[in-house]
Amino acid sequence: MFSKIKSIFKKFVDSVSETLKYKTLSQEELRNLLEDLELKLLEADVAYDVAEKLREQLESALSNLKIPRGSDARKHVESIIREKLLEILERGRFAEDLVELVRKSEEKPFRIVFMGVNGVGKTTTIAKVANLLKKHGIKSVIVAADTFRAAAQEQLRKHSENLGLPFVGGKYGSDPAAVAYDGVSYAKKRGYPAVLIDTAGRMHVDADLMNELRKVVRVVKPNLRVLVLDALTGNDAVEQAKAFHESVGVDCVILTKVDADSRGGAALSVILSIERPIAYLGIGQGYDDLVPYDPKYILKLIFGE
Ligand SMILES: Nc1nc2c(ncn2[C@@H]2O[C@H](COP(=O)(O)OP(=O)(O)OP(=O)(O)O)[C@@H](O)[C@H]2O)c(=O)[nH]1
Ligand SMILES: [Mg+2]
């Protein structure tokens with residue numbers, strides 16, 4: 001993960017600290033190094049706006065840089081960049097802990113609706129979240145309000161069986177809001193503390209399908225609206241977040257397939273430019289491949305240990 005991004009930042013830190021070792025860095029030298037960094041980031045699939053903004057932010061962090069006597073130039077430069085990135089990455093963090101949120105909720109069951117564009121990993125992510133909650137002693141009802149794709153019901157049923165959790169589904173072509181409602185009623189009646197509702201993949205530009213999603217949300221009154229985004233889609237993921245937030249409302253994002261972006265540029269772009277908080281990252285296809293979004297984790301991917 002992040003292999004290209006990692007080598008780009010390593011080289012950048014090397015060149016800045018090499019130049020600095022013998023003298024101070026002139027504004028011009030810094031600019032050249034930053035321009036080179038920006039180009040390399042673009043080549044690694046970082047979005048244009050993101051690369052440009054990053055260059056500006058690093059320019060202000062690194063200008064007039066002097067290495068304190070006796071300290072290691074490389075370490076010093078890296079720590080300044082780390083600090084700057086940390087500050088940017090921190091802004092994307094979801095303030096709550098999902099497990100605590102469910103546990104502390106006075107409203108039972110705690111209802112989570114998952115939404116997103118086709119194929120981003122919604123269904124898989126639901127299984128991961130159900131697994132996470134279960135590990136903390138919270139049993140969820142899993143609800144397949146995707147009545148659009150015939151195989152969707154089976155896919156989610158299979159996950160619920162694997163996880164030993166109840167499943168509520170609906171007939172192919174039936175009203176997703178009705179299925180979601182049934183799922184919540186089921187959990188209420190049987191005292192389950194959480195309900196995880198899967199919805200069909202839909203393009204954010206499809207007005208009818210966005211209306212359908214709004215209906216699900218109106219009926220279910222979710223405690224949390226989770227938008228699932230695919231890291232590989234880069235800039236488009238950022239657009240999706242805007243559109244879903246405007247039309248349905250998004251409380252937090254789960255960014256999937258971070259593992260599949262071997263260069264790291266697309267994932268980094270989404271992380272740096274998304275305007276909704278990120279709660280978790282999907283880093284594989286297994287149930288345990290879900291990690292809390294933590295700026296320190298991203299820094300580790302960028303700089304190594
Ligand atoms: N490598 C990797 N693959 C993932 C991740 N999350 C999901 N996938 C894969 O992405 C593919 C699509 O996942 P689904 O969960 O079916 O996606 P979906 O959003 O429910 O798809 P639709 O219901 O058709 O809209 C599957 O092959 C998943 O295994 C992840 O974090 N990493
Ligand atoms: Mg699905």
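Please read all numbers here as calculations on a predicted model, not as lab measurements. Counting starts at 1 for both ligands and their atoms, following the listed order.
When only modelled atom types and interatomic distance are considered, Asp236 and Gln240 share a side-chain donor-acceptor pair under 3.5 Å. Residues Asn223 and Glu107 have side chains that bring a donor and an acceptor to within less than 3.5 angstrom of each other. Donor-acceptor pairing under 3.5 Å is recorded for the side chains of Asp198 and Thr123.
Judged as a side chain to side chain contact (heavy atoms under 4.5 Å, CB included), and not counting sequence neighbours, the contacts of Ala243 are His204.
In terms of protein heavy-atom proximity, atom 24 (O) of ligand 1 is nearest to Arg149 NE, 3.1 Å. Looking only at protein heavy atoms, the nearest one to atom 22 (P) of ligand 1 is Gly119 N, 3.5 Å. The protein non-hydrogen atom at the shortest distance from atom 32 (N) of ligand 1 is Asp259 OD1, 2.8 Å. Looking at atom 16 (O) of ligand 1, its nearest protein heavy atom turns out to be Gln155 NE2, 2.9 Å. Annotation: atom 27 (O) of ligand 1 to nearest protein heavy atom, Gln285 OE1, 3.8 Å.
The Gly201 neighbourhood of ligand 1 comprises atoms 25 (O), with distances under 4.0 Å to a heavy atom of that residue. Proximity to Gly282 (heavy-atom distance under 4.0 Å) selects the following atoms of ligand 1: 31 (O).
Rounded to the nearest 0.5 Å, atoms CZ (Phe94) and CG (Leu224) are 5.0 Å apart. Between the CZ atom in Arg202 and the CG atom in Asp146 there is a gap of 8.0 Å [rounded to 0.5 Å]. Distance CD/Glu29 to CD/Gln27: 10.5 Å, rounded to 0.5 Å. Interatomic distance, SG of Cys252 versus OH of Tyr293, reported as 13.5 Å (0.5 Å rounding).
Of the N or O atoms in Asp289, none lie within a sub-3.5 Å distance of an N or O in ligand 1. Distances between N or O atoms of Thr199 and those of ligand 1 include no value under 3.5 Å. The N/O atoms of Ala200, backbone and side chain alike, include none that comes under 3.5 Å of an N/O atom in ligand 1. No N or O atom of Asn118 sits closer than 3.5 Å to an N or O atom of ligand 1. Taking any N or O of Thr124, backbone or side chain, at least one lies under 3.5 Å from an N or O belonging to ligand 1.
Here the side chain of Lys122 pairs a donor or acceptor atom with the backbone of Val117 at under 3.5 angstrom. In terms of modelled atom types and a separation under 3.5 Å, the side chain of Thr256 and the main chain of Leu229 share a donor-acceptor contact. Between the Lys128 side chain and the Gly284 main chain, a donor and an acceptor come within less than 3.5 Å of each other.
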One pair to check against side chain to side chain contact (heavy atoms under 4.5 Å, CB included): Tyr297 and Leu89. What are the steps and the verdict? CA-CA 10 Å; Tyr297 176 83; Leu89 292 167; over 6 Å; no
Check the pair Asn235 / Tyr48 against side chain to side chain contact (heavy atoms under 4.5 Å, CB included), numbers first and verdict last. CA-CA 9 Å; Asn235 231 354; Tyr48 186 83; over 6 Å; no
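Around the Mg ion (ligand 2), the protein atoms of type N, O or S found under 2.8 Å away are Thr123 OG1, listed by chain and number.
At least one heavy atom of Val120 lies less than 4.0 angstrom from ligand 1. The shortest separation from a heavy atom of Lys128 to ligand 1 is under 4.0 Å, placing the residue in contact. Note on ligand 1: Gly116 sits outside its first shell, no heavy atom being nearer than 4.0 Å. Heavy atoms of Gly284 approach ligand 1 to within less than 4.0 angstrom.
When all heavy atoms of Asp251 and Arg225 are compared, the closest pair comes out as OD2-N, 2.7 Å.
Under 4.0 Å from ligand 1, the heavy atoms of Ile283 that appear belong solely to its backbone.
With Tyr287 as the partner, the side chain to side chain donor-acceptor pair (under 3.5 Å) test is satisfied by one option alone out of Asn131, Asn162, Thr124: Asn162.
Counting only non-hydrogen atoms, the option in Lys257, His159, Lys122 that gets closest to atom 18 (P) of ligand 1 is Lys122.
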